[in-house]
Amino acid sequence: MCLLVFAWQTHPDYPLIFAGNRDERHARAASSASFWEDAPEVLAGRDLEAGGTWVGVTSAGRFAVVTNFREGLNPPKARRSRGELAAEFLRGNMGVRDYVDRLRGRQRDYGAFSFLCGDRRELHYVSNRDNHPGPVEPGIHGLSNHLLDTPWPKVERSRARLSLLLEQSAVSSAALLRLLSDRQEADATELPDTGIGAELEQRVSAPFVVNPVYGTRCSTAIRLHVDGTVRFAERVFTPAGVAVETRYFHVADGAA
């Protein structure tokens with residue numbers, strides 16, 4: 001993912017309310033969200049080049065999402081794919097804290113990343129560009145291609161919109177997907193400097209990025225309910241930013 005916002009432990013019915021856009025090269029092969037044949041409890045899209053995923057859940061309510069950390073136009077190549085982190089957590093049954101502790105010893109195997117994993121009871125954040133991993137505090141949070149809650153314009157705009165939805169008790173899948181459709185670019189004076197040049201910084205400064213080479217491929221909305229159900233929606237887009245498919249999943253009480 002390249003933009004995500006989420007409400008953690010702030011809603012009486014949903015411990016986690018999540019909305020995120022996946023930005024990626026359009027040429028990179030991927031499959032839409034579905035239950036995996038080789039891991040039937042996992043509901044996620046899939047990167048067909050490396051086999052991992054950017055965001056997913058399980059029928060038991062495990063959740064994981066990973067973003068890259070932007071470090072210029074030519075970051076060093078890594079031994080392993082970041083998408084492996086989310087896929088590995090979702091496939092396994094290791095406790096959240098134990099998984100994060102285990103990950104610390106092999107962070108250098110991956111390109112720069114920020115990673116969130118958890119369930120209805122706990123949610124942890126870790127990045128190999130941050131020395132302070134740990135549990136996420138209750139509240140409304142945002143993440144793009146930097147550290148958790150780094151106040152980039154598109155992160156702050158999207159956090160504010162999610163906060164408003166919560167105030168209005170309007171956290172349906174449709175409302176979360178609308179939140180992610182924001183194509184307004186940031187003012188040039190507000191742009192971060194991540195080493196990719198001012199023109200490209202401007203182009204990717206909107207929550208939803210439209211570009212024929214690299215842009216928003218899909219939007220995902222996830223809600224984990226206290227009763228054990230999972231609601232998951234994914235909307236897929238063309239390189240021109242036209243929606244071509246929306247998939248809705250309702251997993252009842254931990255059953256696939």
Side-chain angles (χ1 to χ4, degrees), residues 1-23 32-33 42-45 53-67 83 85-87 89-90 96 113-127 135-145 147-150 154-182 207-208 216-236 246-251 254:
M1 311 298 286
C2 283
L3 170 73
L4 61 95
V5 289
F6 62 94
W8 171 242
Q9 301 289 2
T10 64
H11 192 283
D13 297 325
Y14 298 106
L16 178 66
I17 300 170
F18 169 92
N21 280 337
R22 181 197 182 215
D23 298 345
S32 297
V42 175
L43 171 58
T53 187
W54 48 96
V55 65
V57 296
T58 70
S59 51
R62 288 167 74 85
F63 164 83
V65 61
V66 64
T67 71
L85 297 172
F89 178 78
L90 293 171
V96 181
F113 70 82
S114 286
F115 178 63
L116 289 155
C117 63
D119 53 30
R120 292 178 180 84
R121 295 171 296 279
E122 55 182 326
L123 184 66
H124 279 246
Y125 167 76
V126 61
S127 169
V136 177
E137 295 294 325
I140 299 174
H141 299 275
L143 175 64
S144 188
N145 304 112
L147 301 177
L148 183 66
D149 292 330
T150 296
K154 65 181 178 180
V155 172
E156 295 300 278
R157 281 172 53 82
S158 300
R159 285 177 68 180
R161 294 184 69 184
L162 179 57
S163 179
L164 182 59
L165 290 180
L166 287 164
E167 290 175 10
Q168 297 172 341
S169 298
V171 291
S172 65
S173 293
L176 295 172
L177 292 174
R178 282 195 300 272
L179 180 158
L180 295 168
S181 67
D182 181 359
F208 188 105
T216 299
R217 298 274 302 270
C218 67
S219 298
T220 305
I222 298 170
R223 289 170 292 156
L224 302 185
H225 199 283
V226 292
D227 67 5
T229 61
V230 178
R231 292 190 179 271
F232 185 111
E234 180 189 76
R235 181 162 292 160
V236 179
T246 305
R247 294 185 172 203
Y248 296 95
F249 300 87
H250 179 197
V251 184

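As a basis for the values below, the full set of heavy atoms in this structure was taken, side chains included, without hydrogen atoms, waters or symmetry mates. Since this is a predicted model, take the numbers as computed values, not measurements.
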Over all heavy atoms of both residues, which pair between Leu148 and Tyr125 is shortest? Give the atoms and the distance, please.
-> N-OH, 3.2 Å
Parallel, tilted or perpendicular: which fits the ring planes of Phe113 and Phe115, with parallel below 30° and perpendicular above 60°?
-> perpendicular
Where Ser219 and Thr216 come nearest, the two heavy atoms and their spacing | OG-CG2, 4.4 Å
Testing Thr58, Val96, Val55 for side-chain contact (heavy atoms from CB on, under 4.5 Å) with Phe63, which one passes?
-> Val55
Worked check of side chain to side chain contact (heavy atoms under 4.5 Å, CB included) between Arg223 and Leu176 | CA-CA 10 Å; Arg223 289 170 292 156; Leu176 295 172; 4.2 Å; yes
Taking the side chain from Asn21 and the backbone from Leu180, do they hold a donor-acceptor pair closer than 3.5 Å?
-> yes
Closest approach of Thr53 and Ala44, non-hydrogen atoms and distance?
-> OG1-CB, 3.5 Å
What heavy-atom pair brings Arg120 and Gly61 nearest, and what distance separates the two atoms?
-> NH1-CA, 3.5 Å
Sub-3.5 Å donor-acceptor pair from the side chain of Thr67 to the main-chain atoms of Ser144, do we have one?
-> yes
With sequence neighbours left out, write down each residue that passes side-chain contact (heavy atoms from CB on, under 4.5 Å) with Ala160, or none if nothing qualifies.
-> none
Given the rule in the side chain to side chain contact (heavy atoms under 4.5 Å, CB included) test, do Arg159 and Val155 qualify, once you have shown the distances and angles that lead to the verdict?
-> CA-CA 6 Å; Arg159 285 177 68 180; Val155 172; 3.9 Å; yes
Leu116 side chain reached by Leu4 side chain, heavy atoms, under 4.5 Å = yes
Straight-line distance of Ile222 CD1 to Tyr14 OH, nearest 0.5 Å = 13.5 Å
Can you measure from CD (Glu234) to CG (Leu177) and round to the nearest 0.5 angstrom?
-> 9.5 Å
From CA spacing to verdict: side chain to side chain contact (heavy atoms under 4.5 Å, CB included), Phe18, Met1 = CA-CA 12 Å; Phe18 169 92; Met1 311 298 286; 4.2 Å; yes
Can you see which heavy atom on Ala170 is nearest to which on Ala175, and at what distance?
-> O-CB, 3.3 Å
Smallest separation among heavy atoms of Ala33 and Arg247, with atom names = O-NH1, 2.7 Å
Are the charged groups of Lys154 and Asp182 less than 4.0 angstrom apart, N to O?
-> no
To the nearest 0.5 Å, atom CD1 of Ile140 lies from atom OG of Ser158 at 12.0 Å
To the nearest 0.5 angstrom, please state how far the OG1 atom of Thr220 sits from the CZ atom of Arg22.
-> 9.5 Å
State the CZ-OG1 distance between Phe249 and Thr229, to the nearest 0.5 angstrom.
-> 15.5 Å
Could you walk me through whether Leu143 and Phe6 pass the side chain to side chain contact (heavy atoms under 4.5 Å, CB included) check?
-> CA-CA 9 Å; Leu143 175 64; Phe6 62 94; 5.5 Å; no
Looking at CZ of Arg121 and CD of Gln9, how far apart are the two atoms once the value is rounded to the nearest 0.5 Å?
-> 10.5 Å
